[in-house]
2 protein chains.
Amino acid sequence: MKLEILTKSENREIQNTIITKIRDLINFKNLEPGDKLPSERMLSEKFGVSRGNVREAIQTLEYYGILKTIPQSGTFVANIGVIAMNGMIEDILRLVDPDFKSLVETRILLELKTARLAALRRTNVDLQSMRNALDAYTAKVLNGEDAVQEDLLFHLAIAEASGNSTMIRLMLIITPGILTNFEKYHVCDVNQAFIGIQEHEDIYKAIESNDPKLAKEKMKVHFKMLYQYCYNIKD
Amino acid sequence: MKLEILTKSENREIQNTIITKIRDLINFKNLEPGDKLPSERMLSEKFGVSRGNVREAIQTLEYYGILKTIPQSGTFVANIGVIAMNGMIEDILRLVDPDFKSLVETRILLELKTARLAALRRTNVDLQSMRNALDAYTAKVLNGEDAVQEDLLFHLAIAEASGNSTMIRLMLIITPGILTNFEKYHVCDVNQAFIGIQEHEDIYKAIESNDPKLAKEKMKVHFKMLYQYCYNIKD
DNA sequence: GTATTAAAATTGGTTAACCAGATTGGTTGG
DNA sequence: CCAACCAATCTGGTTAACCAATTTTAATAC
């Protein structure tokens, strides 16, 4: 049998076809929540793909809460109806690699909220880790060095201080895409870094003094440049 | 050798220890962005765990953009510095299963925004799929049936109409947790469903007439109950 | 005929062996 | 002395065989 290395997108295409087939199977067989899917081996044979591929597709659907596998027992349709399932799978299949614009738009949305929440909920420990990140950032900028990492850490510290575990998780999820695109489009500018010091200080002070409105406002100012830049990128 | 089935949390604990060890290794060996990690086989031997566990940990770190593996070549430290890396890994290790409160808080945040964006960007196709979901929802409610699925589809259709692929992705990611907790806490109430029809109609009309402010406002009304309910849950 | 129990088949999970491409080091021909 | 080439080795990716727990089936005792 011929073996070949699959690119990410090729592999994804296979996953999507398998997901489609699993969906069709559930619909055709009228499987209801709680019903058992055929075993991985049967599916791999029926679909003409390796069992590994089937497992991967199942894991994806499990990630989005559509299937539920129980060890030594089977894979089951989760407790959401067929209608919701079909709708969600449709969206999952349509998922594309995120574009820069949507990433920035989402990041700004998230961070305006985390800044606000941080001002309401920050503990002294949160405040200290924000202070540390901020000091490290300032030191590097004043020394003329690149400080993207310290910048990132400051923003993550704010997310931590927001006390919202889901938002932290979402921030971490979108961070790789943000970093990649920052590099690609050379967003970071040395000039901006200097301005950034004051902007960061303003945000910090607002959060320190428990002023949610001001914190959000200062974060908005901080993102103004980025916002404009992002909306000037060609679609 | 004894084999045993690991629970999800046990497996996660192993992953976290391996991630920690990889982080320590990078720090101790002063690996810089672009440097190559030892091979999976060497790591599995050095850490005393199976190669599969090592691969899983590497995949996690790759998911968050910290490592980058190239087939038939090796695993490399991604192009983010050690400082950012340490900060991010710390957050990743701290990640916990999301609590209901943070999920709802985040969902409301996201949906207020998607409603607004949908009012600005919706195409006629978007409008039609929203209409379909809405009609299905109304029909079921009027028939006295449970309509949680149709409700979900309507909200997903709005997210689609927002034209922001990242927000769609994040919505899908938090949806399983939302559904699980809705069941657990019996959030959905038949009384609310009737009110929901009008609220959904209001949101739809606002998006149809390209009124972002109104769309956000109507979405806020729609979430008012949920918001209060969520803040009354014990921490 | 029914309940009980044991054995056989089926399940998802795991692992060790294997694959082809990439890398590396040394060798050879110019 | 250097460039080109080749074979040995190392890499992540893949697969087939294996494991234990479960479920089903069949046989047996009552």
Separation of [X] atom [atom1] from [N] atom [atom2], in whole Å?
X	N	atom1	atom2	answer
A:Arg51	C:dG12	CZ	P	7 Å
B:Phe76	D:dC10	CZ	C1'	12 Å
A:Leu43	C:dT10	CG	C1'	14 Å
A:Lys68	C:dG13	NZ	C1'	15 Å
A:Glu40	C:dA9	CD	P	21 Å
A:Lys36	D:dT23	NZ	C1'	7 Å
A:Asp35	C:dT11	CG	C1'	17 Å
B:Gln72	C:dA22	CD	P	7 Å

* **Phosphate-side-chain proximity, A:Thr75 and C:dT11, N/O vs OP1/OP2 below 4.0 Å** =>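 Negative; the distance criterion is not met.
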
Candidate nucleotides [options], ranked by approach to the side chain of [X] - the nearest:
X	options	result
B:Arg55	D:dT14, C:dG12, C:dC19	D:dT14
A:Thr69	D:dT15, C:dG12, C:dT15	C:dG12
B:Ser73	D:dG12, C:dT23, C:dG12	C:dT23

* If you find the nucleotide of DNA chain C closest to B:Gly52 and the one closest to A:Met42, which residue's nucleotide is nearer the 5' end? ->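 Closest to the 5' end, via its nearest nucleotide, is A:Met42.
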
* Could you go step by step and tell me if A:Ser129 and A:Asn132 meet the side-chain hydrogen bond (donor to acceptor under 3.5 Å, both in side chains) rule? -> CA-CA 5 Å; A:Ser129 66; A:Asn132 292 342; over 6 Å; no

Do the charged groups of [X] and [Y] touch, with an N to O distance under 4.0 Å?
X	Y	value
A:Arg121	B:Glu105	yes
A:Asp91	A:Arg94	yes
B:Lys68	B:Glu62	no

* To do: Tell me which of A:Arg41 and B:Arg41 sits closer to the 5' end of DNA chain D, going by the nucleotide each one is nearest to.
  =>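 Looking at the nearest nucleotide for each, B:Arg41 comes out on the 5' side.
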
* Asked: Reckon B:Gly74 touches a base, only the sugar-phosphate, or nothing at all at heavy-atom distances under 4.0 Å?
  ->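 Sugar-phosphate: the residue B:Gly74, judged by heavy atoms under 4.0 Å, touches backbone atoms but no base.
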
* Measuring from B:Leu31:CG to B:Phe76:CZ, what's the distance to the nearest 0.5 Å? ->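 Taking CG in B:Leu31 and CZ in B:Phe76, the distance rounds to 11.5 Å.
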
